[in-house]
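Quick notes on the structure that follows.
All of these numbers come straight from a predicted model, not from anything done at the bench. Residue numbers start from 1 in every chain, and the chains themselves are labelled A, B, ... in the order their sequence lines are given, proteins ahead of strands.
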There are 2 protein chains.
Amino acid sequence: MLERRKPIQVGEAVQRIMEHQLPGATELVSINESFGRFLSEDIIATSDVPHFDRAPYDGFAVRSVDTSVASQSNPVEFEVVDHIGAGAVSTKVVGQNQAVRIMTGAMMPEGTDAVVMFEVAQDYQKDGKPFMSIKRSFKKGDNVSFTGEDAKQGEILVNKGTLINPGIQAMLATFGYKRVPVAKKPLVGLFATGTELLEVEEELVPGKIRNSNSHMIAAQIERAGGIVHYLGKLPDEFNTCFEAVKNALNEVDVLITTGGVSVGDFDYLPAIYEKLGAEVFFNKVAMRPGSVTTVANNNGKILFGLSGNPSACYVGFELFARPIIRRMLFSEKPHLRREKAVLEVDFLKANPFTRFVRSSVFIEDGRLKVAPSGLDKSNIIMSLSGANSLTILPGGTRGFTAGSEVAVLLLEDQTGSEWPW
Amino acid sequence: MLERRKPIQVGEAVQRIMEHQLPGATELVSINESFGRFLSEDIIATSDVPHFDRAPYDGFAVRSVDTSVASQSNPVEFEVVDHIGAGAVSTKVVGQNQAVRIMTGAMMPEGTDAVVMFEVAQDYQKDGKPFMSIKRSFKKGDNVSFTGEDAKQGEILVNKGTLINPGIQAMLATFGYKRVPVAKKPLVGLFATGTELLEVEEELVPGKIRNSNSHMIAAQIERAGGIVHYLGKLPDEFNTCFEAVKNALNEVDVLITTGGVSVGDFDYLPAIYEKLGAEVFFNKVAMRPGSVTTVANNNGKILFGLSGNPSACYVGFELFARPIIRRMLFSEKPHLRREKAVLEVDFLKANPFTRFVRSSVFIEDGRLKVAPSGLDKSNIIMSLSGANSLTILPGGTRGFTAGSEVAVLLLEDQTGSEWPW
């Protein structure tokens with residue numbers, strides 16, 4: 001007998017999942033390992049930057065008051081009383097018509113309030129002592145980087161949930177974050193199902209294919225920011241299968257299965273969810289591919305029953321599992337980034353279900369355009385390798401023509417969307 | 001005395017470097033570790049996909065010829081002689097008005113050439129035997145995935161130099177790539193210079209700052225695809241310094257130094273290049289920030305002498321060092337991806353040098369727009385953390401007004417440009 005399932009809309013499906021989001025956790029990692037991780041706390045300036053007035057150029061630190069009368073016809077002479085590089089602090093107090101030769105980054109000597117760049121000074125020796133002269137005046141603060149100019153102590157500089165990029169690394173170092181508070185990577189369990197599956201090293205035999213979904217989803221988990229805990233292939237026997245799922249739930253934050261979730265004669269998962277007593281959020285979504293996706297909550301752990309079909313599996317992960325993982329990474333924008341693009345080809349055939357077309361977004365003269373990345377059959381894994389986006393074609397009675405504006409979800413982007421539906 | 005350096009244009013600087021590009025190398029890694037690596041060989045289909053005719057849906061496999069007379073008024077009955085799931089191979093040869101109950105992914109039984117989906121069949125028992133009937137005809141090939149439909153054996157599917165994404169992972173598994181040929185990550189040595197530098201764990205003292213450049217560049221090396229070999233701070237004494245650089249060159253593919261490359265009184269690197277006998281490609285570029293960048297070749301190793309100024313250091317790495325690393329990863333598009341965007345703010349002041357403004361590209365209604373990510377002072381590291389792009393403002397006698405189209409280089413994008421200059 002064919003089980004009848006009632007499909008729900010994609011947005012509603014995502015909403016039901018997000019109501020059960022899991023809490024994130026913090027761990028401290030060395031700054032040398034923090035690149036590419038997600039901040040679990042706001043980054044606060046632990047000091048002013050710079051934390052002393054400094055020279056942004058090589059030159060001579062002077063008292064601006066002494067330069068006021070300098071002009072082309074009236075050069076003013078300064079005795080150079082010290083010479084400091086970055087990191088050094090002059091012990092001199094600079095007096096009238098005195099200067100300190102200073103390198104970029106060095107602290108302004110006491111008494112000085114402007115820097116004369118080498119290019120506008122003439123330096124020379126007189127009686128074995130260094131001097132320089134200038135032919136223009138300088139104002140207080142000319143060529144000086146002032147304390148707190150870049151950042152003020154206590155200021156929030158980067159919000160938690162942000163992916164750490166090279167600029168943030170520099171900031172963390174500047175503020176002495178030897179250990180960085182980052183989101184613990186969610187542990188995502190992964191089971192494959194299907195007697196047709198061979199391991200990657202096995203020879204092909206009639207009727208069997210190599211297990212590609214597990215490798216694909218493992219990469220998607222990594223891309224989303226999780227850690228993969230691959231649990232192997234579920235056994236064929238129901239009770240063993242049930243025990244395996246039940247035990248796995250104790251070990252991981254989120255459990256993903258691929259295949260076995262449909263209404264096929266050998267699909268165990270619906271019965272396993274039932275025996276677990278899991279709260280099934282939905283078991284059918286009005287979308288193509290991926291309509292048979294099932295998501296359930298079992299004592300605070302979320303189970304994602306993705307389709308065994310590669311494309312459906314791929315799309316199901318990105319729409320449903322990714323935001324749960326990203327939320328555990330403290331992201332305020334856990335969903336795939338949604339943008340508008342110009343459709344480059346026709347999709348004339350209408351479909352009652354919303355379609356997610358594996359596609360390639362590109363930019364032409366500053367404008368986003370999108371074309372399918374391969375044949376749009378749900379069993380064609382080839383089109384997945386070229387996909388950097390999913391084009392959303394809303395379900396309904398009409399097709400879509402080239403030149404129309406469509407929404408796209410960007411797969412390789414770290415920005416995210418707050419709510420794309 | 002002030003050394004006079006002759007600046008060259010950015011494009012010419014990059015070209016001089018790329019003429020000395022370094023060869024890439026291959027290593028084999030487990031498929032479980034290949035996500036995010038760069039392919040060092042083309043990926044070739046090692047078999048047809050699918051490698052047998054299969055059912056893309058649950059249903060009944062039949063001989064289409066037997067369905068030709070079926071209609072609403074004339075149902076045709078089939079005896080169901082077998083029942084197979086994916087992975088199983090029916091031992092039956094299907095004869096006239098016989099059918100095999102078949103699950104998605106299973107191999108088409110001998111004699112059959114079409115699949116009747118459950119939805120359009122009525123199944124029932126007769127004398128304890130399973131039967132089904134249909135009220136419409138099917139053509140040969142209806143609902144069948146044919147051998148080689150997705151990929152033909154021997155076809156080149158992905159080119160070397162491509163970053164491995166989840167779709168490519170699936171493909172690698174499908175074709176039995178248990179070990180994947182990927183580009184060996186270039187080993188990039190990194191020295192900091194500057195007596196003003198404190199380690200990240202040290203307390204601030206007047207005149208000194210924490211070493212942020214090394215952490216920033218380390219992250220940039222990782223983002224570009226290299227491995228960081230941090231060599232610490234160069235000593236202050238010339239000969240020790242020279243020996244350290246010379247020894248480092250034996251250990252790494254590329255050597256980056258930050259700071260000490262200018263014409264400041266305590267800048268050793270120019271003298272070190274000279275003593276090494278290195279071929280200096282340039283020591284000044286007509287750009288802001290980063291004009292004092294020096295790049296040199298020493299016996300086939302490339303030395304990047306980046307400025308000690310954080311922004312100049314950042315930009316210098318992305319323009320000059322990144323493409324060398326990416327080329328060693330077999331990329332055909334080793335440079336930052338260049339696109340056009342609409343400038344959101346005025347840059348009215350002209351600058352004779354080409355400016356690279358740390359900026360934030362965003363998309364509005366399918367159009368790229370760009371605004372500075374912070375104050376555009378070259379010593380402001382804060383603006384680096386929000387930068388996802390560099391806006392190119394060509395040098396000249398005029399400024400730029402909001403609304404004009406400008407070129408941007410995308411920092412977080414893996415697509416790259418063949419030649420953006």
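- Neither the backbone nor the side chain of Leu198(A) comes within contact range of chain B; no heavy atoms are under 4.5 Å apart.
- Heavy atoms of His215(A) lying under 4.5 Å from chain B belong to its backbone as well as its side chain.
- Ranked by heavy-atom pairs under 4.5 Å with chain A, the list Ala106(B), Gly366(B), Ala387(B) is led by Gly366(B).
- Of the listed residues His83(A), Glu412(A), Glu202(A), Glu405(A), the one with more heavy-atom pairs under 4.5 angstrom with chain B than any other is His83(A).
- Ala173(A) and Ser212(B) get closest at one heavy-atom pair: CB-CA, 3.7 Å.
- Few gaps surround CD on Glu201(B); more than 12 heavy atoms of other groups in view lie less than 6.0 Å from it.
- With a 4.5 angstrom heavy-atom cutoff, Ile168(A) touches chain B via backbone and side-chain atoms both.
- Scanning for side-chain hydrogen bond (donor to acceptor under 3.5 Å, both in side chains) contacts around Thr193(B) gives an empty result, with sequence neighbours left out.
- Of the inter-residue distances, the one linking Arg367(A) atom CZ with Glu339(B) atom CD reads 13.5 Å to the nearest 0.5 angstrom.
- Only the backbone of Leu172(A) comes within less than 4.5 Å of a heavy atom in chain B; its side chain stays farther off.
- For chain B, the nearby parts of Asp365(A) are the backbone and the side chain; heavy atoms of each come within less than 4.5 Å.
- The contact between Tyr177(A) and chain B is made entirely by backbone atoms, counting heavy-atom distances below 4.5 Å.
- Of the residues considered (Ala151(A), Ala218(A), Gly87(A), Ser214(A)), Gly87(A) shows the highest number of contacts with chain B, using heavy-atom pairs under 4.5 Å.
- Chain B forms more heavy-atom pairs under 4.5 Å with one residue of Glu199(A), Lys178(A), Met108(A), Glu364(A) than with any other, namely Lys178(A).
- When all heavy atoms of Pro206(B) and Met107(A) are compared, the pair lying nearest together is CB-SD, 3.8 Å.
- Within the model, atoms CD of Glu196(B) and CD1 of Ile84(A) stand 11.5 Å from one another, a figure rounded to the nearest 0.5 Å.
- For chain B, the option among Phe35(A), Tyr230(A), Tyr314(A), Phe362(A) with the highest count of heavy-atom pairs below 4.5 Å is Phe35(A).
- Contacts between Gln220(A) and chain B at a heavy-atom distance below 4.5 Å involve backbone atoms as well as side-chain atoms.
- The environment of CD in Glu110(A) is sparse: at most 12 heavy-atom neighbours from other residues, nucleotides or ligands sit within 6.0 Å.
- Gln169(B) CD to Leu384(A) CG: the interatomic distance, rounded to the nearest 0.5 Å, is 12.5 Å.
- Considering only heavy atoms from C-beta on, Leu368(A) comes within 4.5 Å of Ile363(B) through its side chain.
- Residue Arg179(A) does not touch chain B at all, counting heavy-atom pairs closer than 4.5 Å.
- With a threshold of 4.5 angstrom between heavy atoms, Val205(A) approaches chain B through N, CA, C or O but not through any side-chain atom.
- In terms of the side-chain hydrogen bond (donor to acceptor under 3.5 Å, both in side chains) criterion, Asn388(B) has no residue partners (sequence neighbours excluded).
- For the atom pair CG (Leu204(A)) and OG1 (Thr46(B)), the distance works out to 7.0 Å, reported to the nearest 0.5 Å.
- The most heavy-atom pairs under 4.5 Å with chain A, out of Gly308(B), Gly207(B), Ala45(B), come from Gly207(B).
- A 4.5 Å side-chain heavy-atom check between Arg223(B) and Pro166(A) finds at least one atom pair inside the cut-off.
- For Asn165(B) (side chain) and Ser385(A) (main-chain N/O), a donor-acceptor pair under 3.5 Å exists by modelled atom type.
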Is there a side-chain contact (heavy atoms from CB on, under 4.5 Å) between Lys208(A) and Val89(B) once you walk through the steps?
CA-CA 9 Å; Lys208(A) 304 213 173 199; Val89(B) 176; over 6 Å; no
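- Thr195(A) places a side-chain N or O within donor-acceptor distance of the main-chain N or O of Ala86(B), the cut-off being under 3.5 Å.
- For Ser47(A), the part lying under 4.5 angstrom from a heavy atom of chain B is the side chain only.
- Side chain of His51(B) to backbone of Ile209(A): no donor-acceptor contact under 3.5 angstrom is found.
- Surrounding CZ of Phe52(A) are more than 12 heavy atoms belonging to other residues, nucleotides or ligands, all under 6.0 Å away.
- Listed options Val158(B), Val200(B), Val228(B), Val342(B) were ranked by heavy-atom pairs under 4.5 angstrom with chain A; first place goes to Val200(B).
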